[in-house]
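Every heavy atom of this structure was used, including side-chain atoms; hydrogens, water molecules and symmetry mates were not.
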Amino acid sequence: FPCPTRVGRRRALRDPWISASRVWLSSDGAALGLCLTSSAWRDTMQGDKRDPTEAISWHEAAGPVGTVLFVTLLLAVDELNPVKVLCSYTRYFEDFTHLFVTEGRVAVVAALILFALAVHERQHLLYYVVRTFFRCTFNNMFFSSIEIVGMEHLPKDGPIILTGNHNNQFVDAVILLANCERQISFMIAQKSWDRPLVGFLARAFHSIPVARPQDMAFRGAGKVFGDGTATLRGEGTRFSSQVQAGAQLEIAGLEKTMKVKEVCSDTEVVLEKEVAAVGQETAGGCTYKIHPKVDQSKMYDQVYTGLKRGKCLGIFPEGGSHDRTDLLPLKAGVAVIALDAFTNHHLTVPIVPVGLNYFQGHRFGGRVVVEFGPPIVVPEHIYIRHETDRRGATEALLELVATGMRSVIVPTPDYHTLQKIYMARRLYVPDGLKLSAEQTMDLNRRFALGIQRVLDLRSRMVAGSPPKASGSSSSTLSRCPSTARMELTDEDLAFIDEFRAEVEDYMATLKRLGLKDHQVRQVGWWNLSDLIGRLLYLAVTMALGAIPQLMFNLPIMFFASRWAAMEQQKSLKASTVKLAARDVVMSYKIICVLMLVPILYVIYGTLILLCTTWCMTTVILVLASAPMFAFLGMKASEQGVRAYADIVPLFKRLLPGPRAEQDTLPARRAALQKRLNLAVRKFGPLLGDLYQNKNVDWAKEMGWFTHAAEIDQATRQAAQAEPEGGDGSTATDDAKAEAGEATTDGEGLSRRAIASAQEQTD
């Protein structure tokens with residue numbers, strides 16, 4: 001049941017020692033809550049600031065354990081049970097008193113009051129029941145581990161906005177809802193809100209539906225032509241009836257949508273910005289889609305009402321899920337809400353960036369690291385600027401939010417680069433040292449940012465345009481003073497190229513031999529006895545998990561995988577930003593599991609009733625124990641899969657060729673570690689705070705990457721706006737000038753290069 005105070009509720013949910021010990025009235029006097037507390041009550045009253053992950057000593061646990069034992073003793077012994085003792089005293093009074101005060105009648109009255117409380121608090125009760133269910137399933141079944149970093153950055157009360165990267169569709173929101181200390185109201189697309197199961201869960205979690213123009217897009221009549229100006233002309237179009245001012249047009253061949261400023265006639269509209277020459281080379285013109293203008297006033301009213309009540313609002317500002325290794329351009333909604341909350345409602349709402357970092361997040365048994373960054377407090381000068389320049393203030397705040405969000409993820413140009421960064425971190429960490437999740441993410445970001453700065457500088461020097469400390473504002477490296485002063489010699493360039501080639505060759509060798517990096521240190525001691533031991537372990541684990549897997553898990557996993565694969569292909573065809581649409585795979589797998597598990601149990605229950613003579617109690621007990629057996633079978637099978645992964649290189653070791661290649665890997669790894677340490681000592685001092693400081697201001701450091709992404713976007717717009725003929729050359733030159741010297745052919749952060757590299761990796 002919900003605690004009467006927000007602090008008590010949070011502490012009760014995260015305390016590992018729970019006891020039913022205290023009953024009190026809530027602050028509004030209407031909801032009597034039976035709260036599950038122990039040391040949480042004492043810690044709350046004393047303002048305890050202990051880390052929730054810190055182990056509890058036996059001295060601290062003595063109180064709650066003693067309370068549990070004392071309550072158990074009272075309930076187990078009739079002579080000590082308070083209800084029975086009080087009811088027994090009525091026997092000494094008049095007969096009619098004893099008739100009305102009995103244990104059964106007291107239980108009925110208590111049950112009626114409890115039912116009334118459940119009805120009164122049904123929304124909160126449903127929220128915490130569903131939240132507890134997802135915490136148990138996500139943290140223990142769907143994912144092998146979910147680690148939380150930086151929870152201390154989350155304000156305990158007051159209005160806040162959580163902004164997270166969106167790499168796993170519905171899974172992102174559920175992970176935050178199940179593991180965040182505060183109750184979150186997410187903004188969810190109306191398209192998802194209307195789905196049966198997703199809509200039910202969205203209502204249970206008090207989400208706010210948002211009607212998105214792209215979800216209501218439809219194909220416009222006729223074809224359109226652009227001549228490089230803001231005027232768009234059509235042939236066979238019906239602009240007067242299909243388009244209104246404020247709507248957006250998605251024209252084939254253009255990456256961004258164009259906003260309509262004015263509708264002149266059925267065949268002519270004026271756009272807010274100039275459009276490239278399109279449809280001139282083909283006689284038929286270009287097809288287009290219309291994104292209608294949507295009235296979002298009702299949605300904003302719900303948002304501001306919640307913020308006034310001190311609630312937590314969750315937003316994925318990228319606007320949609322994707323499977324890229326960096327952020328998509330952020331939508332303006334989060335900045336509009338934060339700025340208008342201050343201007344119109346006098347609310348200062350901090351923005352807390354959240355990074356959801358997945359490791360094989362599209363598969364069952366993957367890992368997740370959720371990192372909360374420091375709150376972003378909107379600077380005063382942005383509020384002042386918002387009074388006269390709303391667009392400029394919104395863009396400035398969006399840049400701050402993007403920088404903050406990149407400070408809690410590991411942004412890289414592509415998936416292959418991300419794997420190389422992980423490999424560099426594994427090689428750099430001394431053997432036998434176990435890093436925490438926070439230390440691992442910190443080291444990943446240091447390598448990600450440092451390597452990309454060095455490689456960016458290398459590409460510039462190879463192209464013959466080394467950076468200058470006093471470069472133009474459009475220079476990427478000018479955002480990083482330490483890197484701007486770097487100069488690489490020919491020897492340094494050769495060292496970088498050789499080391500990168502060695503790392504890539506080492507990774508390719510591991511993949512070919514079926515080895516993981518952590519296994520290389522052990523490969524020299526492997527022999528036939530290890531193979532026999534792994535085979536026996538595999539046989540035992542598969543035998544233990546065979547029956548539960550065949551009965552409960554494999555049928556569901558088969559249908560879930562097939563359905564997720566079909567939805568993946570649909571999503572890939574319908575999207576222009578997804579690389580392989582892996583972001584939808586896990587979501588549809590989980591939805592399928594949640595739908596098929598009850599159906600499977602109903603089928604088994606029906607078969608038991610029809611084919612056996614068991615009594616109803618036995619049938620209920622068997623079905624109630626089925627989830628436990630399915631869980632144990634899943635865990636046993638996971639161990640079997642790990643054992644199989646170890647057996648593959650052991651089998652290859654029986655062959656002379658792979659064995660000789662495996663024997664060379666420890667020496668190769670040691671040589672790579674030596675060269676990596678040399679590279680860190682050589683280039684590290686030139687990277688400033690990334691190398692010298694123990695605690696890095698990631699919001700400051702990630703400003704370099706955010707600016708690089710902005711320049712890359714400007715470059716893509718320039719390439720998109722460049723016509724094949726001579727028209728529109730001025731617009732192209734201006735866009736290229738805005739991009740500056742940020743990218744070169746074949747290098748930089750081009751999204752086209754990202755897509756190409758990702759397809760090759762897949």
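By the side-chain hydrogen bond (donor to acceptor under 3.5 Å, both in side chains) test, His345 pairs with Lys308, sequence neighbours left out. Taking the side-chain contact (heavy atoms from CB on, under 4.5 Å) definition, one finds that Ser625 meets it with Phe629, sequence neighbours left out. Applying the side-chain contact (heavy atoms from CB on, under 4.5 Å) criterion to His518, with sequence neighbours excluded, gives Lys516, Arg521. Residues satisfying the side-chain hydrogen bond (donor to acceptor under 3.5 Å, both in side chains) test with Tyr588, not counting sequence neighbours, are Arg195. Glu567 pairs by the salt bridge (Lys or Arg N to Asp or Glu O under 4.0 Å) definition with Lys570, not counting sequence neighbours. With sequence neighbours excluded, no residue forms a salt bridge (Lys or Arg N to Asp or Glu O under 4.0 Å) with Asp172. The side-chain contact (heavy atoms from CB on, under 4.5 Å) check on His206 picks up Gln123, Tyr127, Gln183, Ser185, with sequence neighbours excluded. Remark: Tyr358 engages no residue in a ring pair (Phe, Tyr, Trp, His ring centres under 6.0 Å) (not counting sequence neighbours). Evaluation of the side-chain hydrogen bond (donor to acceptor under 3.5 Å, both in side chains) rule for Ser637 yields Gln549 as partners, not counting sequence neighbours. Judged as a side-chain contact (heavy atoms from CB on, under 4.5 Å), and not counting sequence neighbours, the contacts of Asp194 are Gln190. Under the side-chain hydrogen bond (donor to acceptor under 3.5 Å, both in side chains) criterion, Glu371 pairs with Arg445, sequence neighbours left out.
A 4.5 Å side-chain heavy-atom check between Phe205 and Phe134 finds at least one atom pair inside the cut-off. Side-chain atoms of Phe342 and Val378, non-hydrogen and from C-beta on, never get closer than 4.5 Å to each other. When side chains are defined from C-beta on, Val408 does not count as touching Val370, because their heavy atoms never get closer than 4.5 Å. Under the 4.5 Å side-chain criterion, counting only non-hydrogen atoms from C-beta, Val198 is not in contact with Trp193. Ile146 has its side chain within reach of Val368: a pair of non-hydrogen atoms, C-beta onward, lies under 4.5 Å apart.
Nearest heavy-atom pair across Arg582 and His362 is O-CB, 3.8 Å. Here the shortest heavy-atom pairing between Ala643 and Tyr537 reads CB-CD2, 3.6 Å. The shortest heavy-atom contact between Pro317 and Gly164 is CD-O, 3.7 Å. Of all the heavy atoms in Met299 and Ile208, the pair that sits closest is CG-CG2, 4.0 Å. For the residue pair Ser561 and Lys589, the shortest heavy atom distance occurs at OG-CE, 4.1 Å. Residues Ile351 and Ala338 come closest through the heavy atom pair CD1-CB, 4.0 Å.
Atom-to-atom distance recorded for Leu313:CG and Gln302:CD is 11.0 Å, nearest 0.5 angstrom. With rounding to the nearest 0.5 angstrom, the CD1 atom of Ile599 is 9.0 Å from the CD1 atom of Ile556.
Here Phe316 and Phe186 bring their ring centres to under 6.0 angstrom of each other.
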**OP:** Begin with the C-alpha distance, continue with both residues' side-chain angles, and end with the deciding distance and a verdict on side chain to side chain contact (heavy atoms under 4.5 Å, CB included) for Glu181 and Met151.
**Re:** CA-CA 8 Å; Glu181 292 183 354; Met151 186 66 79; 3.7 Å; yes
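With hydrogens and angles ignored, the 3.5 Å screen pairs no side-chain donor or acceptor of Arg135 with any backbone N or O of Ile175. One N or O on the side chain of Asn165 and one on the backbone of Leu356 form a donor-acceptor pair closer than 3.5 Å. At distances below 3.5 Å, at least one donor-acceptor pair connects side-chain atoms of Asn553 with backbone N or O atoms of Ala630. The main-chain N or O of Gly365 is found under 3.5 Å from a side-chain atom of Ser144 such that the two form a donor-acceptor pair. Looking only at distances, a side-chain donor or acceptor of Ser587 sits under 3.5 Å from a matching main-chain atom of Phe170.
The side-chain hydrogen bond (donor to acceptor under 3.5 Å, both in side chains) pairs that include a residue from residues 597-606 number zero, where partners must be two or more places apart or lie in different chains.
A side-chain contact (heavy atoms from CB on, under 4.5 Å) with Ile161 holds for exactly one of Ile376, Val349, Val352; it is Val349.
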